[in-house]
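What you see below is based on every heavy atom in this structure, not just the backbone, and it leaves out hydrogens, waters and symmetry mates. Numbers here simply count residues along the sequence, with the first being 1.
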Amino acid sequence: MLSEPRSGRLAAWGNALLAGLVSPDDAVLAIVGEDAVHRVEGLPGESGPVGLTLALGRLRSLGASGLRVALPAPGHPLGLSGPPEFNARALEAEEAVICDGAALGLVPEVYEAGPEGDVHVEVVWHCLGVREAPPADVPSLGEAERELAEALRDATEVLSRLDVAASGPVAEAAIHAYRARAERGREVLAPGYPPRAVRVLELAQRVGLLISVAYERGHGGAVSASEMVARASALRPVERTARRAQVAAYNSVVEGRERGVR
C-alpha cells in the first residue's frame, strides 16, 4: 500500500485550491511532488492532454466543489460508486479521485521515461464519467480512528509471535526514510483539513508502511502452512482498515462540508 498515494495529494491540494486556501502554483507543485509532470486526458471540452492548472480550473467550472479519494483493492471497492468501467480502471490503478458536484473521476496512469540513470516519472490522469452515488465503504473520521486502533491491537500479538513485526535493517531503513520525508515537510495534508484528519492519516500511513515491509519480508518467522495462513489473516484486515482510514482522512473536508461541520 502506498504511504502517500498520488490520488491523496491530488484530492488534498485540489480541495485546498477549490476552497481558495492555496494558489494554483502551490497546489500543482504539491500534487506533482517528486514526479516530473502530471497531465489530464479526456477532460470535457479538451481535445488532448492538459496541465493540472488548467484541468483543476476546468473541473471547477464543470461544477466540482470537492475531490474525494478511492483506494480500491480486489474484493473491496473502497470509495468507488461506479460505473463498472470506471471501477475496473480504478481497481487496476489501486486508486482514483472522484469529483464532488460533477459526475467525473480521475484515474492515474504512471509512466517511466528517460535514459537509464536519468529515469523520471510522468503521470497521466484519465478523466472518465462516474455514477453520482454514495461511495462504497468509507467510514467517518471517528470510525476510522477507532477501527485502526482496534485492528492494531488485535494483530500485534499474532504478528509478534510470527516474527513479522517489521524489525531488522530493511524495516529500519524504510521507517527512517518515512521519518525523513515527514520531517522535510510536516504538512501531511493541505490547508483546510482538521487536526483529527492529520492524526488519522499519519497513523494510517505508518501502519501501511509497516504492513508493506512485513509483506516484503516474505513469510517472516512463519514456517508452517498454518502459521503462514495466520500471518496473512492478521495482516489483511489491518491493511484494509488502514486504507479505509486514509480515505476517511483525505475525504474529511468534503464529508465535513456536507454535514455542515467547520
Asker: I'd like to know if the side chain of Ser81 and the backbone of Pro134 have a donor-acceptor N/O pair within less than 3.5 Å.
Answerer: no
Asker: Please tell me whether Val22 and Leu67 are part of a single hydrophobic cluster in this structure, the criterion being side-chain heavy atoms less than 4.5 Å apart.
Answerer: yes
Asker: Hydrophobic clustering (ILVMFWY, side-chain heavy atoms < 4.5 Å, transitive) - are Leu128 and Leu80 grouped together?
Answerer: yes
Asker: Identify the heavy atoms of Tyr250 and Pro5 that sit nearest to each other, and give their distance.
Answerer: OH-CD, 3.8 Å
Asker: Under a 4.5 Å cut-off applied to non-hydrogen side-chain atoms, are Leu59 and Val40 in contact?
Answerer: no
Asker: Do Val124 and Val107 sit in one hydrophobic cluster, given that two such residues count as connected whenever their side-chain heavy atoms are within less than 4.5 Å of each other, even indirectly?
Answerer: no
Asker: Within the structure provided, determine whether Leu91 and Pro77 are in side-chain contact (heavy-atom separation under 4.5 Å).
Answerer: no
Asker: Quick one: does any side-chain atom of Arg244 pair with a main-chain N or O of Leu78 as donor and acceptor, under 3.5 Å?
Answerer: no
Asker: Do Val110 and Val37 sit in one hydrophobic cluster, given that two such residues count as connected whenever their side-chain heavy atoms are within less than 4.5 Å of each other, even indirectly?
Answerer: no
Asker: Can you tell me how far the CG atom of Leu17 sits from the CG atom of Leu56, to the nearest 0.5 Å?
Answerer: 5.5 Å
Asker: Just verifying a value: how many Å separate Leu71 CG and Asp137 CG, rounded to the nearest 0.5 Å?
Answerer: 11.5 Å
Asker: Taking Val97's backbone N and O only, do any of them form a donor-acceptor pair with Ser7's side chain (distance below 3.5 Å, no angle check)?
Answerer: no
Asker: Locate the shortest heavy-atom distance separating Ser65 from Leu18; write the atom from each residue and the value.
Answerer: C-CD1, 3.9 Å
Asker: Rounded to the nearest 0.5 Å, how far does CD1 of Ile31 lie from CG of Asp26?
Answerer: 11.0 Å
Asker: Check whether any side-chain N or O of His126 sits under 3.5 Å from a backbone N or O of Glu41 as a donor-acceptor pair, and report yes or no.
Answerer: no
Asker: Heavy atoms only: give me the nearest Leu141-Pro194 pair and the separation to one decimal.
Answerer: CD1-CG, 4.3 Å
Asker: Distance only, no hydrogens: is a donor on one side chain within 3.5 Å (strictly under) of an acceptor on the other, for Tyr193 and Asn15?
Answerer: yes
Asker: Check Leu201 against Ala249 and note the closest heavy-atom contact, atom names and distance.
Answerer: CB-CB, 3.7 Å
Asker: Under a 4.5 Å cut-off applied to non-hydrogen side-chain atoms, are Pro44 and Leu62 in contact?
Answerer: yes
Asker: Ignoring hydrogens and geometry, is there a side-chain-to-backbone donor-acceptor pair from Asn251 to Val69 under 3.5 Å?
Answerer: yes
Asker: State, yes or no, whether a side-chain contact exists between Arg206 and Glu202 at a heavy-atom distance under 4.5 Å.
Answerer: yes
Asker: Hey, what do you get for CG (Leu54) to CZ (Arg39), rounding to the nearest 0.5 Å?
Answerer: 13.0 Å
Asker: As an exercise, state the distance from CD of Glu112 to CG of Asp35, rounded to the nearest 0.5 Å.
Answerer: 10.5 Å
Asker: Would you call Glu95-Arg6 a salt bridge at under 4.0 Å N-O?
Answerer: no
Asker: Roughly how far apart are Asn87 CG and Glu92 CD, rounded to 0.5 Å?
Answerer: 13.0 Å
Asker: Answer yes or no: is there a donor N or O on one side and an acceptor on the other, between the side chain of Arg196 and the main chain of Glu145, under 3.5 Å?
Answerer: no
Asker: For Val32, run the side chain to side chain contact (heavy atoms under 4.5 Å, CB included) check against Val123, Leu52, Leu10 and tell me which one passes.
Answerer: Leu52
Asker: Quick one: closest heavy-atom pair of Ala144 and Ala245, and the distance?
Answerer: CB-CA, 3.7 Å
Asker: What I want to find out is whether Arg89 reaches Glu85 closely enough, with some N-O distance under 4.0 Å, to be called a salt bridge.
Answerer: no
Asker: Counting neighbours of CD on Glu94 that are heavy atoms of other residues, nucleotides or ligands and sit closer than 6.0 Å, is the number greater than 12?
Answerer: no
Asker: If we only count heavy atoms from C-beta on, is the Asp100 to Arg257 side-chain gap below 4.5 Å?
Answerer: yes
Asker: Answer with yes or no whether the hydrophobic clustering places Val138 together with Val130; edges join I, L, V, M, F, W, Y residues whose side-chain heavy atoms lie under 4.5 Å apart.
Answerer: no
Asker: So which heavy atom on Gly129 is nearest to which on Phe86, and how close?
Answerer: O-CB, 4.0 Å
